[in-house]
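We're numbering straight along the sequence, starting at 1.
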Amino acid sequence: QAELVESGGGSVQAGGSLGLSCTASGYTNAFDCMGWFRQAPDKEREGVAFIDSSGGSTDYVDSVKGRFTISQDNTKRTVYLQMNSLKPEDTAMYYCAADWGRCSAYLGRGAQSVNYRGQGTQVTVSS
């Protein structure tokens, strides 16, 4: 059984920065991808950023390219999301995610099919 635990998040004004981290435990060695999706009230999940667990290649949804950076530390089984130049439309619950297959498949609406997720952490950006 895999467990994903997020930390970070919080509230910030537009233009500010926040960082998220996610530590995996349990049977996580087989996951191909780890990353983040977000979900705002009354909206679908949106895959934001994913990283290939072995090769380290990254994928981002267009709306966060150039602003968000995903990285990982495999020795700590931890994935990070650095969010800069935050906008009010980035406000959502952010979930750590893990799954198999091609990472880019989980971007955008592809996040609906993510099988493993953490409990989530709130990010609120005020204008």
Side-chain angles (χ1 to χ4, degrees):
Q1 187 75 16
E3 183 178 16
L4 306 173
V5 179
E6 304 100 337
S7 62
S11 298
V12 68
Q13 288 191 325
S17 299
L18 286 172
L20 307 179
S21 62
C22 169
T23 300
S25 61
Y27 185 68
T28 62
N29 291 338
F31 288 133
D32 295 320
C33 305
M34 288 191 67
W36 301 87
F37 69 83
R38 63 190 180 187
Q39 189 165 21
D42 300 322
K43 292 192 175 181
E44 289 185 330
R45 293 179 178 180
E46 179 187 38
V48 173
F50 285 86
I51 187 165
D52 180 275
S53 298
S54 57
S57 61
T58 57
D59 294 282
Y60 299 92
V61 71
D62 285 345
S63 60
V64 307
K65 284 180 180 178
R67 300 188 298 122
F68 290 12
T69 303
I70 188 170
S71 60
Q72 63 184 357
D73 183 339
N74 285 338
T75 63
K76 299 179 180 179
R77 294 188 178 184
T78 299
V79 174
Y80 305 94
L81 185 68
Q82 179 62 37
M83 303 181 292
N84 298 328
S85 302
L86 282 161
K87 304 175 181 180
E89 51 263 43
D90 294 317
T91 296
M93 186 73 79
Y94 282 69
Y95 295 89
C96 181
D99 218 307
W100 297 275
R102 184 166 51 92
C103 294
S104 60
Y106 299 110
L107 293 175
R109 297 185 68 231
Q112 314 311 312
S113 60
V114 166
N115 286 297
Y116 290 91
R117 66 168 178 87
Q119 294 297 312
T121 185
Q122 179 68 36
V123 170
T124 303
V125 185
S126 58
S127 57

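Taking each heavy atom of S63 and E46 in turn, the nearest pair found is OG-OE2, 3.9 Å. Nearest heavy-atom pair, M34 versus C96, reported as atom, atom and distance to 0.1 Å: CE-SG, 4.1 Å. Minimum heavy-atom separation, L107 to F50: CD2-CD1, 4.0 Å. Between A97 and V114, the shortest heavy-atom distance links the atoms CB-CG1, 3.6 Å. Closest non-hydrogen pair, C103 versus D32, comes out as SG-O, 4.0 Å. Between S127 and A14, the closest heavy-atom pair is CA-CB, 4.3 Å.
With T78 contributing its side chain and K76 its backbone, the two residues share a donor-acceptor pair below 3.5 Å. Within the 3.5 Å criterion, the main-chain N or O of G9 finds no donor-acceptor partner in the side chain of Q122. The backbone N or O of I70 sits less than 3.5 Å from a side-chain atom of Y60, completing a donor-acceptor pair. Put simply, the side chain of Q39 never gets that close to the backbone of M93: no donor and acceptor are under 3.5 Å apart. Checking side-chain atoms of R77 against main-chain N and O of Q72 turns up no donor-acceptor pair under 3.5 Å. Between the side chain of D59 and the backbone N or O of I51 there is no donor-acceptor pair closer than 3.5 Å.
Applying the salt bridge (Lys or Arg N to Asp or Glu O under 4.0 Å) test to every pair with at least one member in residues 80-94, sequence neighbours left out, gives these pairs: R38-D90, R67-D90. Listed by first and then second residue, the salt bridge (Lys or Arg N to Asp or Glu O under 4.0 Å) pairs that reach into residues 91-110 are E44-R109, sequence neighbours excluded.
Side-chain atoms of S7 and S21 include a donor-acceptor pair closer than 3.5 Å. Side chains of T91 and T124: no donor on one and acceptor on the other come within 3.5 Å.
Here the straight-line distance linking atom CD of Q13 with atom OG of S126 works out to 5.0 Å at 0.5 Å rounding. Note that OG1 of T121 and CG of L81 are 11.0 Å apart. Values are rounded to the nearest 0.5 Å.
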Is there a side chain to side chain donor-acceptor pair (under 3.5 Å) between S54 and D52 once you walk through the steps? CA-CA 6 Å; S54 57; D52 180 275; 2.9 Å; yes
Show your reasoning for whether side chain to side chain contact (heavy atoms under 4.5 Å, CB included) applies to S17 and Q82. CA-CA 7 Å; S17 299; Q82 179 62 37; 3.8 Å; yes
Start with the C-alpha distance between Y80 and T69, add both sets of side-chain angles, then the distance that settles side chain to side chain contact (heavy atoms under 4.5 Å, CB included), and finish with yes or no. CA-CA 8 Å; Y80 305 94; T69 303; over 6 Å; no
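Exactly one of Y106, Y94, Y95 qualifies for a ring pair (Phe, Tyr, Trp, His ring centres under 6.0 Å) with F37. That residue is Y95.
Within a 6.0 Å sphere centred on CD of Q112, other residues, nucleotides and ligands contribute more than 12 heavy atoms.
Side chains of L20 and M83 form a contact here, defined as non-hydrogen atoms less than 4.5 Å apart.
Y116 is linked by a ring pair (Phe, Tyr, Trp, His ring centres under 6.0 Å) to F31, W100, counting only residues two or more places apart in sequence or in another chain.
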